[in-house]
Amino acid sequence: MPFEHGSISLRLLYLPRDLPADAVEAFARHAAPPLETLGAGEIHGWVTGRHLLDRKITRETARFAGFLRLSLMQAERRIPPALFRAECRIQELARMQASGTDRLPPKARLEIRQEVADRLLPQMPPTLRGIHMLHRPGSRILYTTAISERQLEAFQIGFSRAIGFAGIPLSADTASLQRRRKSIRDWPPVSFSPRVNPEAVAQDPGLDFLTWLWFFSEARGGIADFGDRGRWAVSVEGPFTFVMEGAGAHETVVRRGEPRFSAEAKAALLSGKKLRRAKVTLARGEQVWSFSIDAATFVFRGLRLPEGERLDAASRFEERMDRLDEGVEAFLSFFDRFADERESSDWTETLGEIRHWMETRTTRD
């Protein structure tokens, strides 16, 4: 399971209420059917986090180191495209030879495709996919590897069927509502570029935040004190994806060389584009977290956590999840700081600082 080792790609869901006391039993009632029942369609359902065929969901198997650890398993049979095309061609050639023609009508070709599919599909091994989830007892936050919109939809449907409600995907809007009890949907449009009117640029508070975070890391030193959670440093690096609304080239990707100091990155900023995707590194003392973030969805990709020290599997997992919580919380604390500044009387001064930073940034081409 990706939560146990290596890098993690995930998103956060806020739960509108606590999981029910019988949550494990509810997931068990929606366990995946036996693999032997798989036919031409797809089967899906819940399994434990131990592996994708572990349908026996109990309070012991569904939890690890105290965490609820489950996966939404999806299974189907697929014919490799090259094999399917070859088998169809064999049948087409045989039928053309038998009929003494060099071409088959479309209906005949469709019949052959169906015959080949009906013959080959039962012979194909099942293809398994899993959308994983992890929940700390008592928390309103749920981690899931459903990073694409299609995966998220499937996960939300499966979760809601089992539990009775779905989680709310984390974004700048929902983070502000949950953490600050404030809506940011009515923020007035803002352009960070001194050359572009606010109405012409992308209006997404997540993009505003990531662009501000880049400014904060470079122009202000990138150090923030979050009280009991310690002093954190942040840096923002490429590859960069910049976006802007309207006609024309509204997306720019900068990845070669040193993207931070490229003329393309500076030109994108001054043209009114805002930062949508970038690599973010957080550090607290000698501990380092790094990940790529999509500012519009707050989806974390390739999240690397500090190395742990504990030896047994359960303790290592618990320590790793503590580090995951700490890194995510630090990132969201930077967002809180941005949102508070965005709503303060000092925002006009901040906007002037950002525009000065954009215009005076050094390039190294």
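The basis for the numbers below is simple: all heavy atoms, side chains too, and nothing from hydrogens, waters or symmetry mates. Heads up: numbering here begins at 1 and tracks the sequence. The structure displayed is predicted, hence computed values, not measured ones.
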| field | Straight-line distance of Thr144 OG1 to Leu72 CG, nearest 0.5 Å | value | 8.5 Å

| said: More than 12 heavy atoms of other residues, nucleotides or ligands under 6.0 Å from CZ of Arg180: yes or no? | reply: yes

| For the residue pair Thr48 and Ser71, what are the closest heavy atoms and their distance? | O-OG, 4.1 Å

| request: With salt bridge (charged side-chain N to carboxylate O under 4.0 Å, His left out) as the test, would you mind laying out the steps for Arg129 and Glu42 before giving the verdict? | output: CA-CA 11 Å; Arg129 302 187 305 277; Glu42 177 184 290; 3.5 Å; yes

| Arg320 side chain vs Phe3 backbone, donor-acceptor pair below 3.5 Å | yes

| Hey, quick one: are Leu83 and Leu121 part of the same hydrophobic cluster, counting side-chain heavy atoms closer than 4.5 Å, chains of contacts allowed? | yes

| query | What do you reckon, are the aromatic ring centroids of Phe226 and Phe334 less than 6.0 Å apart? | reply | yes

| query | Is there a donor-acceptor pair closer than 3.5 Å between any side-chain N or O of Arg55 and the backbone N or O of Ala32? | reply | yes

| Do Leu128 and Leu38 belong to the same hydrophobic cluster, where Ile, Leu, Val, Met, Phe, Trp and Tyr are linked whenever their side-chain heavy atoms lie under 4.5 Å apart, directly or via other members? | yes

| query | For the rings on Phe215 and Phe192, is their centre-to-centre separation under 6.0 Å? | reply | no

| query | When rounded to the nearest 0.5 angstrom, what distance separates OG in Ser176 from CG in Leu332? | reply | 11.5 Å

| request: Inspect the surroundings of NE2 in His44 and state if more than 12 heavy atoms from other residues, nucleotides or ligands are less than 6.0 Å away. | output: no

| Does NE2 belonging to His356 count more than 12 external heavy atoms closer than 6.0 Å? | no

| Atom OG1 in Thr174, atom CG in Leu13: separation rounded to 0.5 Å? | 9.5 Å

| field | For the student: nearest non-hydrogen atoms of Gly206 and Ala172, plus distance | value | N-CB, 3.6 Å

| said: Tell me whether Glu76 contacts the main-chain N or O of Ala40 through its side chain, where contact means a donor paired with an acceptor under 3.5 Å. | reply: no

| query | Taking all atoms of both residues into account, what is the closest heavy-atom pair of Cys88 and Ile112, and its distance? | reply | O-CG2, 3.8 Å

| task | Indicate yes or no for a side-chain donor-acceptor contact from Asp346 to the backbone of Glu349 under 3.5 Å, with no hydrogens or angles considered. | result | no

| remark: In short, Ser191 meets Leu351 closest at the heavy-atom pair O-CD1, 3.8 Å

| Is any side-chain N of the basic residue among Arg229 and Glu326 closer than 4.0 Å to the acidic one's carboxylate O? | no

| said: Under a 4.0 Å threshold between the charged nitrogen and the carboxylate oxygen, would Arg220 count as salt-bridged to Glu341? | reply: yes

| request: For the residue pair Trp212 and Phe338, categorise the inter-ring angle as parallel (less than 30°), tilted (30 to 60°) or perpendicular (more than 60°). | output: tilted

| Side chain Ser9, main chain Gly302, donor-acceptor under 3.5 Å | yes

| field | Salt-bridge criterion met for Asp204 and Arg276 (N-O under 4.0 Å) | value | no

| said: If we ignore hydrogens and angles and just use 3.5 Å, is the side chain of Lys274 paired with the main-chain N or O of Phe242 as donor and acceptor? | reply: no

| message | Let's go through Phe159 and Leu70 carefully: what are the C-alpha distance in whole Å and the side-chain angles of both, what is the deciding distance for side-chain contact (heavy atoms from CB on, under 4.5 Å) to 0.1 Å, and is it a yes or a no? | response | CA-CA 11 Å; Phe159 189 89; Leu70 295 167; over 6 Å; no

| Cluster question for you: counting only ILVMFWY and a side-chain heavy-atom cut-off of under 4.5 Å, with indirect links fine, are Phe331 and Leu207 together? | no

| field | Arg63 bridged to Glu318 by N-O distance under 4.0 Å | value | no

| query | At their closest point, which heavy atom of Pro122 faces which heavy atom of Ala117, and how far apart are they? | reply | CD-O, 4.3 Å

| task | Walk me through it: do Met133 and Ile131 pass the test side-chain contact (heavy atoms from CB on, under 4.5 Å)? | result | CA-CA 7 Å; Met133 60 161 273; Ile131 303 174; over 6 Å; no

| Reference residue Asp336; test salt bridge (Lys or Arg N to Asp or Glu O under 4.0 Å); the match among Arg179, Lys182, Arg342 | Arg179

| Met244 versus Ala200, closest heavy-atom pair with distance | CE-O, 3.5 Å

| request: Would you confirm whether Lys266, through its side chain, and Arg361, through its main-chain N or O, come within 3.5 Å as a donor-acceptor pair? | output: yes

| message | More than 12 heavy atoms of other residues, nucleotides or ligands under 6.0 Å from CZ of Arg136: yes or no? | response | yes

| Rounded to the nearest 0.5 Å, what separation is found between the CD atom of Gln123 and the CZ atom of Arg77? | 10.0 Å

| So, Thr211 side chain and Leu275 main chain: donor-acceptor pair closer than 3.5 Å or not? | yes

| Looking at Trp214 versus Phe240, is the centre-to-centre ring distance below 6.0 Å? | yes

| field | Steps toward side-chain contact (heavy atoms from CB on, under 4.5 Å) verdict (Val280, Leu210) | value | CA-CA 9 Å; Val280 174; Leu210 188 56; 4.2 Å; yes

| said: Whether the Trp187 and Glu343 side chains hold a donor-acceptor pair (N or O, under 3.5 Å, no angle test) is what I'd like checked. | reply: yes

| Between Phe317 and Phe67, how do the two ring planes meet: parallel, tilted or perpendicular, split at 30° and 60°? | perpendicular

| query | Under the 3.5 angstrom rule, does the side chain of Arg11 hit a backbone N or O of Ala146 as a donor-acceptor pair? | reply | yes

| field | Carboxylate-amine/guanidinium proximity below 4.0 Å for Glu92 and Arg89 | value | yes

| request: Could you grab the distance from atom OG1 of Thr281 to atom CZ of Phe291, nearest 0.5 Å is fine? | output: 8.0 Å

| query | To the nearest 0.5 Å, what is the distance between CD1 (Ile141) and CG (Leu12)? | reply | 5.0 Å

| Trp357 backbone acceptor or donor facing Glu359 side chain under 3.5 Å | no

| said: Working note: Glu25 + Arg59, criterion side-chain contact (heavy atoms from CB on, under 4.5 Å); need CA distance, chi angles, decisive distance, verdict. | reply: CA-CA 8 Å; Glu25 291 76 12; Arg59 290 182 178 267; 2.9 Å; yes

